[in-house]
Amino acid sequence: MLLSHWIGMDKHVLSLLQLFVSVVCGGLQHPMHNCNETTVVESLPQCGYLFETLMMKVEPNQWCNLTKVIMHYDILSKCAEETARSGNCFWPNSLSEKFIIGMHTKFFSNCTLDTIIWEDPPDDILAALILIPVFLTAAMISLVVWCSKRGDIFG
């Protein structure tokens, strides 16, 4: 008979219980984790090739337009994650990180602005950001004055 059936727990509660028991009984020992870095290093270029093929369908002057490349970037990210997991490695890891940084360097290195363009918020937000502290300050001053005049009740 399964413990979860016997206790009437779902599998998530049982997993948490097992984790708690393993921490209490055995400390924070993690199971042996053998990351096959060779598999990851050999497979990541396939993700890069797929991403390059998809990016070639986008005009180079549009590479910095997130709406044009976000789906391709999502495919790259998912491919790299699946590659890491198929090699029994954690995600993210240093190999995948170096790979994705390489893809960023190749395709998005010219996407940064040299100067930051500051813009004012919309008028309604700006008005709220100004008026709320002013009214709160006035309300707090009024409350302090009122309480100081009512010393017989509060004193």
Side-chain angles (χ1 to χ4, degrees), residues 1-140:
M1 180 187 285
L2 290 173
L3 180 62
S4 64
H5 177 59
W6 180 67
I7 298 177
M9 296 183 203
D10 69 10
K11 63 181 179 178
H12 300 293
V13 174
L14 181 61
S15 297
L16 286 173
L17 180 62
Q18 289 172 337
L19 176 65
F20 176 75
V21 169
S22 68
V23 168
V24 170
C25 297
L28 291 174
Q29 298 175 356
H30 295 287
M32 294 300 287
H33 193 269
N34 296 324
C35 173
N36 188 344
E37 292 182 356
T38 305
T39 301
V40 174
V41 169
E42 289 174 352
S43 300
L44 280 175
Q46 294 171 358
C47 297
Y49 177 74
L50 174 63
F51 183 68
E52 288 178 23
T53 302
L54 293 170
M55 287 298 288
M56 290 305 138
K57 296 177 182 177
V58 178
E59 293 292 324
N61 63 348
Q62 294 293 312
W63 286 356
C64 297
N65 185 345
L66 190 59
T67 58
K68 301 286 185 184
V69 299
I70 191 69
M71 293 182 73
H72 304 318
Y73 190 83
D74 184 54
I75 292 170
L76 170 70
S77 179
K78 287 179 180 175
C79 181
E81 180 178 358
E82 183 60 34
T83 299
R85 295 197 190 280
S86 70
N88 200 27
C89 299
F90 290 110
W91 171 260
N93 60 51
S94 60
L95 298 172
S96 301
E97 186 176 292
K98 288 177 186 174
F99 167 73
I100 289 180
I101 288 173
M103 290 289 109
H104 272 253
T105 303
K106 184 172 185 175
F107 289 99
F108 307 119
S109 61
N110 293 328
C111 292
T112 56
L113 296 175
D114 293 332
T115 59
I116 298 174
I117 301 171
W118 296 100
E119 294 182 16
D120 288 334
D123 289 340
D124 53 344
I125 293 176
L126 187 61
L129 290 173
I130 293 170
L131 294 176
I132 289 174
V134 169
F135 286 128
L136 283 176
T137 303
M140 293 305 293

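Residues take their numbers from the sequence shown, with the count starting at 1.
Nearest approach of C89 to N93, heavy atoms of both residues: CB-ND2, 3.7 Å. Scanning all heavy atoms of the two residues, the minimum distance from A80 to C47 falls at N-SG, 3.7 Å. Of all heavy-atom pairs spanning M56 and F107, the tightest one is CE-CE2, 4.0 Å. When all heavy atoms are compared, the tightest approach of S43 to T83 is CB-CG2, 3.3 Å. Looking at every heavy atom in both residues, I75 comes nearest to L54 through CD1-CD1, 3.8 Å. For the residue pair I70 and T67, the shortest heavy atom distance occurs at CG2-O, 4.2 Å.
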- request: Let me see the working for W91 and S96 under side-chain contact (heavy atoms from CB on, under 4.5 Å), right down to the final yes or no.
  value: CA-CA 8 Å; W91 171 260; S96 301; 3.2 Å; yes

- prompt: Are L76 and L50 close enough, and set up right, to give a side-chain contact (heavy atoms from CB on, under 4.5 Å), and what steps lead you there?
  reply: CA-CA 8 Å; L76 170 70; L50 174 63; over 6 Å; no

query: Between K106 and E52, is a salt bridge (charged side-chain N to carboxylate O under 4.0 Å, His left out) present by the stated rule, with each step listed?
result: CA-CA 10 Å; K106 184 172 185 175; E52 288 178 23; 2.8 Å; yes

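H104 has its ring centre less than 6.0 Å from the ring centre of Y73.
Judged purely by atom type and a 3.5 angstrom limit, T105 uses its side chain to pair as donor or acceptor with the backbone of I101. At distances below 3.5 Å, not a single donor-acceptor pair connects side-chain atoms of W63 with backbone N or O atoms of V69.
Side-chain atoms of S77 and D74 include no donor-acceptor pair closer than 3.5 Å.
A salt bridge links E81 and R85; the closest N-O separation between the charged side-chain nitrogens and carboxylate oxygens is under 4.0 Å.
Here the CG-CD1 distance, from D123 to I130, works out to 9.5 Å after rounding to the nearest 0.5 Å. Annotation: the span from N34 atom CG to N88 atom CG amounts to 7.0 Å, rounded to 0.5 Å. Taken to the nearest 0.5 Å, the CG atom of L44 stands 7.5 Å off from the SG atom of C79.
Partners of P121 according to the side chain to side chain contact (heavy atoms under 4.5 Å, CB included) rule, which considers only residues two or more places apart in sequence or in another chain, are I125, L126.
Each of Q62, M103, H72 was checked for a side-chain contact (heavy atoms from CB on, under 4.5 Å) with M55, and the lone residue meeting it is H72.
A heavy-atom distance below 4.5 Å is not found between the side chains of F108 and C64.
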